[in-house]
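These notes concern the structure reproduced below.
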Amino acid sequence: MSYPQPRTPEETLADAKKQLGLPLVVVICGSTRFMTEMAEADLRETEAGRIVVKPGCDMKSPHALWSDPVEAEALKVRLDALHRAKIRLADEVLVVNVRLSSPSLRSPRMVPPVLRSASRALCHPQG
């Protein structure tokens, strides 16, 4: 006699999002050196009717929240964990200006089924 396999948390989340009628959730990944390109990708994805999550802090730009090196390192660890949670939440990953072998995307369990790449040409068709 075979028993049904228990549902994974990922399957439960996907079903709940369908039942709620939520639009696709897209996470934007890439180096914070490309925050301008990420903002453009965010705009285009939002206009297309998708929920967008992306890095919220550019630690390469000066800010009081990460001016102390010790606090900055602790914040970076927390932000990295938060971004991995965003990846798990997403239905799709949109990679902006990085290789698809980014450390955030190495674990197959973490990557949603759809992985897309946006080049500068895609983000800036006029230039």
Side-chain angles (χ1 to χ4, degrees):
M1 176 177 200
S2 78
Y3 294 96
Q5 293 293 326
R7 293 167 42 107
T8 66
E10 293 84 0
E11 291 169 333
T12 302
L13 177 61
D15 285 348
K17 288 193 286 189
K18 283 180 190 169
Q19 288 176 6
L20 290 169
L22 295 177
L24 281 176
V25 177
V26 176
V27 62
I28 296 176
C29 295
S31 170
T32 55
R33 291 179 305 204
F34 301 110
M35 290 298 273
T36 301
E37 289 84 352
M38 287 185 195
E40 179 67 21
D42 184 348
L43 175 76
R44 291 176 183 276
E45 293 296 312
T46 300
E47 188 277 330
R50 298 177 186 100
I51 296 172
V52 179
V53 292
K54 63 180 173 57
C57 298
D58 176 6
M59 293 185 68
K60 291 178 175 62
S61 297
H63 194 281
L65 287 175
W66 47 84
S67 60
D68 176 86
V70 174
E71 290 178 17
E73 189 55 37
L75 177 60
K76 181 171 181 357
V77 169
R78 291 194 316 271
L79 292 176
D80 287 348
L82 180 61
H83 192 63
R84 287 190 298 275
K86 291 176 183 180
I87 292 170
R88 289 190 309 273
L89 175 68
D91 300 303
E92 296 183 2
V93 173
L94 179 61
V95 181
V96 176
N97 285 313
V98 294
R99 295 188 315 265
L100 293 182
S101 62
S102 169
S104 296
L105 302 174
R106 286 192 185 142
S107 169
R109 214 180 110 93
M110 293 196 42
V111 180
V114 178
L115 181 63
R116 295 185 285 137
S117 178
S119 69
R120 284 180 180 236
L122 176 63
C123 290
H124 298 286
Q126 306 300 335

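Taking 4.5 Å as the limit, some side-chain heavy atom of Met59 sits within range of a side-chain heavy atom of Leu79. Looking at heavy atoms from C-beta onward, Asp15 lies in side-chain contact with Arg7 at the 4.5 angstrom threshold.
Applying the side chain to side chain contact (heavy atoms under 4.5 Å, CB included) rule to Lys86 yields the partners Val27, Val53, Leu82, His83; only residues at least two apart in sequence or on another chain are considered. With sequence neighbours excluded, the residues forming a side chain to side chain donor-acceptor pair (under 3.5 Å) with Ser61 are Asp58, listed by chain and number. Checked against side chain to side chain donor-acceptor pair (under 3.5 Å), Asp68 has no partners two or more places apart in sequence or in another chain. Applying the side chain to side chain donor-acceptor pair (under 3.5 Å) rule to Thr12 yields no partners; only residues at least two apart in sequence or on another chain are considered.
For the residue pair Ala90 and Val26, the shortest heavy atom distance occurs at CB-C, 4.4 Å. Nearest approach of Glu45 to Val52, heavy atoms of both residues: CB-CG2, 3.5 Å.
With rounding to the nearest 0.5 angstrom, the CZ atom of Phe34 is 15.0 Å from the CD atom of Glu40. With rounding to the nearest 0.5 angstrom, the CD atom of Glu11 is 9.5 Å from the CD atom of Gln5. For the atom pair CZ (Arg50) and CG (Asp91), the distance works out to 10.5 Å, reported to the nearest 0.5 Å. Of the inter-residue distances, the one linking Leu13 atom CG with Lys18 atom NZ reads 11.0 Å to the nearest 0.5 angstrom. Atom CZ of Arg84 and atom SG of Cys29 lie 11.5 Å apart (nearest 0.5 Å). With rounding to the nearest 0.5 Å, the separation of NZ in Lys17 from CD1 in Ile51 is 8.0 Å.
Screening residues 36-64 for ring-ring contact (aromatic ring centres under 6.0 Å, His included) gives His63-Trp66 as the qualifying pairs, with residues at least two apart or on separate chains.
Grouped with Leu22 in one hydrophobic cluster are Leu20, the linkage being side-chain heavy-atom contacts under 4.5 Å among Ile, Leu, Val, Met, Phe, Trp and Tyr residues.
The number of heavy-atom neighbours closer than 6.0 Å to NZ of Lys60, taken from other residues, nucleotides and ligands shown, is above 12.
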